[in-house]
Amino acid sequence: MDALKRQRAPAPAGPLFAVEEGSEFEHDTLDKVSVLFPLPLPEPFDYRAATSLGIEPGMHVIAPIGSRLVRGVVWEVQRNNPAAANLKAIEEVLPGPLVPEISRTFVDWAAKYLVRPPGDLIRMVVRSPDALFPPPTYTVLAPTGETPPKLTEARTRVLEEAAKEQVNAAELSRRAETSSAVVKGLVDCGALVKVEISEDPPYPTPDLSRTGKDLSDIQQAAAEEVSASVRAGGFHVALLDGVTGSGKTEVYLEAVAEALKLEPDAQVLVLLPEIALTQAAMGRFNARFGVTPVEWHSAIQQKARRRAWREITAGRARLIVGARSALFLPYKNLKLIVIDEEHDSSYKQEEGVIYQARDLAVARAKLGECMVILASATPSLETLVNAQLGRYAHVKLASRHGAAELPNIELVDLKDAPPEKGKWLSPRLVRGAAEALLRGEQSLFYMNRRGYAPLTLCRACGHRMKSPETESWLVEHKYSGRLVCHLTGFSMPKPKACPECLAPDSFTSIGPGVERIEEEVREHFPEARIEIFSSDTTPNGDAVRDLVARMENNEIDILIGTQIVAKGHNFPNLTFVGVVDADLGLKGGDLRAGERTFQLVSQVAGRAGRHEKKGRALIQTYAPHEPVMQALAAQDRDAFFAAEIAEREAAGMPPYGRLAAVIVSAPNEQLANEASKSMGRRPRSLRVSTFGARRLRRFR
Ligand code: ADP
């Protein structure tokens with residue numbers, strides 16, 4: 001109740017009705033009103049309301065659940081339904097824009113598809129309760145042009161300052177170095193007037209008279225194809241498929257412009273996989289449309305969230321750039337959704353409501369009759385299959401823009417060119433980085449594992465340090481001095497003695513993570529400026545932006561990174577990439593292991609030589625003959641996917657079949673095992689595999 005009061009506190013005057021208990025019986029008919037609450041409830045709950053209140057689907061209301069009053073969204077209204085008399089009454093109707101019909105349809109559809117209570121999904125739609133109320137205002141003083149009767153020196157200073165910028169009274173007297181009485185005197189005599197300013201003003205409108213870069217013929221043809229689909233209207237999906245640096249962004253910017261031109265309140269949503277990329281993207285959008293797009297992701301402040309939500313719902317926010325959660329916002333008139341780096345695994349939410357934003361975006365577009373552009377240099381297998389089957393248009397950009405060429409990719413067979421004992425970089429990788437350093441260019445070592453070493457082993461008794469909950473190995477993090485479970489986040493200080501045999505200082509670190517690679521790189525290049533790029537070294541968007549900017553400005557010589565480096569960064573002076581362990585992603589039995597390895601390694605390699613300088617990538621592997629490694633070296637994506645698609649089809653795996661994960665929870669392991677086994681004695685038509693928690697997670 002307190003929380004509710006707090007939320008309602010800013011409610012100013014407006015179309016806000018308090019419903020008086022019993023009053024509706026006297027002169028009015030009753031409506032049955034179903035309300036969906038942002039709670040994990042299986043369905044909307046029914047209430048009564050006087051017909052004269054004019055309650056409509058999509059309105060925001062407050063209604064009782066048990067003894068609590070909860071805010072919800074009207075899902076359905078049955079006018080004049082006498083049976084409603086037995087129901088509890090709606091407590092209050094809130095102001096604020098309706099949740100549009102398309103959003104409600106999408107919630108119902110997604111709830112069924114994801115097998116989740118619809119309340120879990122409406123929570124993702126109504127993300128900023130404050131935004132229902134008109135924005136708060138603040139008061140500033142503006143000059144009226146009237147000359148005050150007595151124009152003292154102090155008054156002149158105040159008027160001069162007020163002409164420069166409209167600020168509040170206290171700030172104005174501070175700037176004019178005078179007392180507040182002087183400022184008040186000017187207000188009293190009419191030389192200054194109080195003006196109420198909204199804290200959340202509308203966003204500036206994109207300037208659609210601007211034009212983009214001069215496109216090459218290939219880019220122009222691609223831009224025309226996607227723009228024509230946008231103009232045609234209705235549901236279309238296009239795969240914009242071009243190597244890294246081929247100008248996919250330039251092409252989809254043309255489609256964005258076209259969509260914004262369709263109607264005065266037409267909206268475009270661009271999803272990006274990583275907040276870190278937002279800044280660079282913002283700059284490009286700004287250059288193209290003269291405005292910064294509206295941002296939506298987990299890191300934006302509450303005030304910005306409130307403003308964005310209100311403006312998006314009203315159709316005044318036209319161009320939105322966001323993370324996957326932005327898909328659920330109640331757009332008034334969404335015409336185009338662009339999913340950049342559509343293959344990226346961060347579009348899949350693995351916690352809470354589990355969903356794949358790419359798939360849901362296509363469904364949302366179908367329900368709302370709009371267009372989707374999926375852009376990638378390494379599309380997901382599902383998307384490629386859809387393009388091959390003709391469900392999606394396949395728009396291709398075959399080469400890099402301008403002088404930039406694709407990097408040379410070579411395999412380094414670790415059996416032939418092994419690193420020194422206890423080291424991880426073969427001499428060829430070290431030489432590659434040394435040459436780049438001599439030329440004044442940058443290098444990147446890619447190692448997709450955080451921390452120092454994935455296993456901490458007691459030399460005396462062989463004990464392995466494991467996570468108490470998941471039984472997975474604890475990863476040593478040398479900088480923090482802790483052992484960390486990468487599945488659950490559990491961590492503990494590295495013990496001084498083995499907890500099993502009590503031998504002191506008996507631990508040895510097995511295998512490498514980025515911190516260990518950094519140690520080795522420093523031994524080779526003590527003078528170089530070396531940094532690690534992982535979620536540990538860049539825990540938030542600002543840290544990522546800072547590191548990316550330093551890399552772009554050539555303040556770093558050698559970067560050692562996890563998969564965070566694979567996400568679309570554009571480092572002009574980076575010419576050498578060394579993939580330390582390309583086999584890592586192939587382990588673990590994940591259905592998409594080969595596909596992910598191909599995507600990640602080719603994306604990482606694609607960071608090299610994005611501008612005039614030729615790039616080179618070396619890939620260390622013990623399995624150079626694996627199809628995925630051969631395809632990487634030959635840069636033959638089509639052959640790789642053809643083989644992968646054939647395998648999936650033969651095995652009935654997605655997208656040719658579906659997988660379902662059933663999570664069995666039990667007070668102890670034995671019970672869980674028994675329950676899983678009995679489930680395993682299944683109907684013939686289902687193939688069931690049982691996994692421990694660790695493998696299951698990987699499998700998702
Ligand atoms: P992708 O999205 O396919 O990786 P980008 O659109 O980011 O490619 O283009 C790569 C680089 O080439 C960017 O710096 C971009 O500004 C530049 N570029 C692409 N096309 C053009 C063009 N027609 N004119 C000028 N610069 C271009």
Side-chain angles (χ1 to χ4, degrees), residues 210-227 238-258 268 270-274 276-290 293 319 321 336-344 347 358 372-380 383-384 387 394-407 442 444 548-549 551-554 565-575 577 599-615 617 635 637:
R210 293 184 175 217
T211 49
K213 296 206 163 97
D214 285 336
L215 299 182
S216 68
D217 288 349
I218 298 175
Q219 291 173 337
Q220 186 65 36
E224 263 163 30
E225 189 173 344
V226 284
S227 299
L239 164 61
L240 183 54
D241 179 1
V243 294
T244 49
S246 57
K248 294 184 291 298
T249 312
E250 300 301 333
V251 169
Y252 76 62
L253 282 173
E254 293 310 301
V256 170
E258 207 63 41
V268 174
V270 179
L271 293 185
L272 298 176
E274 189 60 44
L277 288 179
T278 331
Q279 224 49 26
M282 291 294 180
R284 291 180 77 172
F285 281 104
N286 209 328
R288 179 69 179 78
F289 297 110
L319 180 54
V321 170
L336 171 65
I337 306 173
V338 177
I339 305 190
D340 205 352
E341 313 286 353
E342 70 90 37
H343 61 277
D344 197 285
Y347 286 121
R358 180 189 63 229
V372 182
I373 297 178
L374 305 171
S376 176
T378 51
S380 61
T383 297
L384 272 177
H394 198 164
V395 183
K396 294 180 189 167
L397 292 170
S399 58
R400 280 195 164 176
H401 175 72
E405 288 174 39
L406 280 174
Q442 294 166 305
L444 163 71
V548 168
M551 187 71 187
E552 282 169 355
N553 297 335
N554 236 343
V565 300
K567 304 196 182 213
H569 304 293
N570 199 1
F571 302 129
N573 199 33
L574 173 68
T575 55
V577 169
Q599 286 160 345
L600 270 172
V601 175
S602 43
Q603 288 282 346
V604 170
R607 298 307 112 208
R610 283 173 66 89
H611 290 246
E612 294 75 32
K613 297 167 188 160
K614 177 86 183 165
Q635 307 204 30
R637 190 191 81 187

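Numbering of ligands and ligand atoms starts at 1, following listing order.
Not a single heavy atom of Leu397 sits under 4.0 Å from any atom of ligand 1. Under a 4.0 angstrom heavy-atom cut-off, Ser246 registers as being in contact with ligand 1.
Of the polar atoms of Gly247, at least one N or O is found under 3.5 Å from an N or O of ligand 1, judged by distance alone.
Side chain of Glu342 to backbone of Arg358: no donor-acceptor contact under 3.5 angstrom is found. The backbone N or O of Leu240 sits nowhere less than 3.5 Å from a side-chain atom of Tyr252 that would complete a donor-acceptor pair. For Arg637 (side chain) and Ala377 (main-chain N/O), a donor-acceptor pair under 3.5 Å exists by modelled atom type.
Looking at Arg284 and Glu250, a side-chain N of the basic residue comes within less than 4.0 Å of a carboxylate O on the acidic one, giving a salt bridge. No salt bridge links Lys396 with Glu225; every basic N to acidic carboxylate O contact stays at or beyond 4.0 Å.
Contacts of Lys248 with ligand 1, taken as heavy-atom pairs under 4.0 Å, involve both backbone and side chain. In Val243, the part holding a heavy atom less than 4.0 Å from any atom of ligand 1 is the backbone. With a 4.0 Å heavy-atom cut-off, ligand 1 is reached by no atom of Asp340.
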Would you please test Glu341 and Lys248 for side chain to side chain contact (heavy atoms under 4.5 Å, CB included) and show each step? CA-CA 10 Å; Glu341 313 286 353; Lys248 294 184 291 298; 5.8 Å; no
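Considering each of Ile218, Thr249, Asp241, the one bringing a non-hydrogen atom nearest atom 2 (O) of ligand 1 is Thr249.
Of all atoms in ligand 1, numbered sequentially from 1 with element shown, those under 4.0 Å from a heavy atom of Asp214 are 22 (C), 23 (N), 24 (N).
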